[in-house]
Structure formats: C-alpha cells, structure tokens
Amino acid sequence: MTLWIGTSWKMNKTVAQARDYARALRSALEQRPALLEGVQPFIIPPHTALTAVAEELGPEPARTVRLGAQNAHWEDDGAWTGEISVPQVADAGASLVEIGHSERREHFGETIETTRLKVASTLRHGLVPLLCIGEPAEVQSRGETADYLLDQARGALRDLSTEQLSRVIIAYEPIWAIGAQGRPATVTELREPFEVLAREYGGHVQALLYGGSVSTDNAAQLLEIPGVQGLFVGRAAWTLEGYLNLLEIAAQAPKP
C-alpha cells in the first residue's frame, strides 16, 4: 500500500518562497530516497506558483512529488472572471485538483453539485480529483457524521465508472479539526468515519486520507487507524523540515 502525504499551502508563499521550498524538497528526496518507500508526496501551492513549482520538481513522469491545484472550474474555458480551468492547471504542471474544501464550501458557495461537476471535469482531462469532505461540529455532536459524509461523497462521485472512481482520492477533514483554531481529533472519534468510508469506498478509490490538525506528534497514530491511507496536512507541513519529518513518519509506518 502507498501512503499519500500531502499539503496545501492555502493562500501562503510568494513565487520565490514556493520555488525555494520545491527546490529544497526535490534535493532532500534525492539525498534521502528512503523517504519515498511506500510514500507518495504531493504539494498544492497557490495557483500563482504552480508553474514555478513544477519547474523545480522536474518533468513528468519522472517527478516524485505530485503537484496539485487548490481549485479549478468545471468549464474548460469561457467568461468566468477570476476562475481557472482544469486544462489551465494541467498546462501549469499540476496533475491533481483539490475539490470541495470546507473553506471553499463556506466562503465561496461550493456545493455538492459543483463538486460533482469539478470531479467530472478533472477526470475528463486525466487529472486526479482530491475530494475533501467533512462535517461541522454540530453534525458531529448529533451523531450524524456518517450520513453527512456519505451525502457529500456520493453526490460528488455520482455516475462515475469503476475506472473513474479508481482515480479519485477522498480526504476526510472534519471542519471542527482544521485550521488554527481546530481541535485535534482523537483516534476514537475517527474510527467510525473511516469504517464507513472504507466500507463504501475502500478498494474502489485511489486512497482515503485524513486531514485536520495533523502534526508530527499525532501522524503515526493517525496512520494506524484502519482505513487511513495517508494524510492531508496544513500548517505542520508549510516548512520543509516539518514536511520531511512527516514523510519520514509515513515511510516508517507499517503498511499492510
């Protein structure tokens, strides 16, 4: 099994900072190939830095670190001021598209239907959709997490073929656990959601990831949860040292 370990930089890093990080990451992985044993790294910079990061990571298919975009529109082109299309992020060097992050849903009107459209567009152009799902605290407190997650996932992945579904990555990120004010989830809290997701999508999608207050302190424990096939990390991986430490934890983690 391959563990996917990735990070989204959100609205952080200039082009120069992104280039420095990517250059140093590539160099570190060349010097420490053991970090890639059973591990697939990926990074998702701001759109402005995609091309620069792609240049530093090297050409596909030899590139060891997958590169993603934080968002993409479902239309290939058109009068969508401020948006960026899947063909455009592919042209910039990305092979993965993050879709449906809770911040996009809350602040920019992302819905289950728009996530479905974006997943379909991403697959149509040969890229990997990284579908983010997660429940707010009030849903968790009512014990309705499982139904909430399945509604989000089923809606976004509706009508996909077996082959299309096999290219999808799902990241479970409970809203109450992400961000600077997030509360780290306990192993007990995560067991049921991953049991549900593994029962529905295990063996059918490319990977099931966990994201939400991930750190070097809890990464090993999180990777031991049945159904977890990787981690989607925020600020703990925004420094190169932090990200390399997480890759090392994943490389040393047991893999069934």
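Index from 1, following the sequence.
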Rounded to the nearest 0.5 Å, what's the gap from CD on Gln40 to CD on Gln206? Could you check?
8.5 Å

Between Glu189 and Gln140, a side-chain donor and acceptor under 3.5 Å:
yes

Hey, could you give me the CD/SG distance between Gln152 and Cys132, rounded to the nearest 0.5 Å?
10.0 Å

Heavy-atom check, side chain of Thr122 versus side chain of Val128, under 4.5 Å:
no

Could you label the plane-to-plane angle of the His73 and Trp80 rings as parallel, tilted or perpendicular, counting under 30° as parallel and over 60° as perpendicular?
tilted

I need the single residue from Arg26, Arg63, Arg23 that forms a salt bridge (charged side-chain N to carboxylate O under 4.0 Å, His left out) with Glu56. Which is it?
Arg23

Verify the distance criterion only: is there a donor paired with an acceptor across the side chains of Asp76 and His125 at less than 3.5 Å?
yes

Rounding to 0.5 Å, atoms OG (Ser102) and NE2 (His107) come to a distance of 8.0 Å

Check: Glu98 side chain, Ile44 main-chain N or O, donor-acceptor pair, under 3.5 Å:
no

Pairwise distance CG(Leu117) to CD(Glu113) - rounded to 0.5 angstrom
4.5 Å

With the 4.5 Å side-chain cut-off for hydrophobic clustering, are Ile178 and Val139 part of the same group?
no

Hits for side-chain hydrogen bond (donor to acceptor under 3.5 Å, both in side chains) against Trp176, two or more places apart or cross-chain, chain-then-number order -> Glu135

When rounded to the nearest 0.5 angstrom, what is the spacing between NE2 in His204 and CG in Leu197?
12.5 Å

Salt bridge (charged side-chain N to carboxylate O under 4.0 Å, His left out) evaluation trace for Glu195 with Arg191:
CA-CA 6 Å; Glu195 285 177 4; Arg191 285 191 184 278; over 6 Å; no

Joint hydrophobic cluster, Val119 plus Ile84, side-chain heavy atoms closer than 4.5 Å:
yes

Compute whether any side-chain donor of one residue and acceptor of the other, for Thr51 and Glu55, lie under 3.5 angstrom apart.
no

So CD1 of Ile133 and CD1 of Ile99: to nearest 0.5 Å the spacing works out to 13.0 Å

Transitive ILVMFWY side-chain link Leu209 to Leu222, under 4.5 Å:
no

Hey, any chance Phe42 and Val86 share a hydrophobic cluster, counting ILVMFWY side chains that come within less than 4.5 Å of each other, even indirectly?
no

Using a 6.0 Å cut-off, check whether atom CD of Glu138 has over 12 heavy atoms from anything other than its own residue.
yes

Evaluate ring-ring contact (aromatic ring centres under 6.0 Å, His included) for Trp9 paired with Tyr21, printing each intermediate quantity in order.
CA-CA 11 Å; Trp9 296 343; Tyr21 184 113; 4.7 Å; yes

Is there a chain of hydrophobic side chains (I, L, V, M, F, W, Y, each step under 4.5 Å between heavy atoms) that links Leu157 to Tyr148?
no

Partner residues of Thr114 under the side-chain hydrogen bond (donor to acceptor under 3.5 Å, both in side chains) criterion, sequence neighbours left out
Glu110, Thr111

List the steps and the verdict of side-chain contact (heavy atoms from CB on, under 4.5 Å) for Phe232 and Thr7.
CA-CA 6 Å; Phe232 191 26; Thr7 178; 5.6 Å; no

Can you tell me if Glu83 has over 12 outside heavy atoms packed within less than 6.0 Å of its CD?
yes

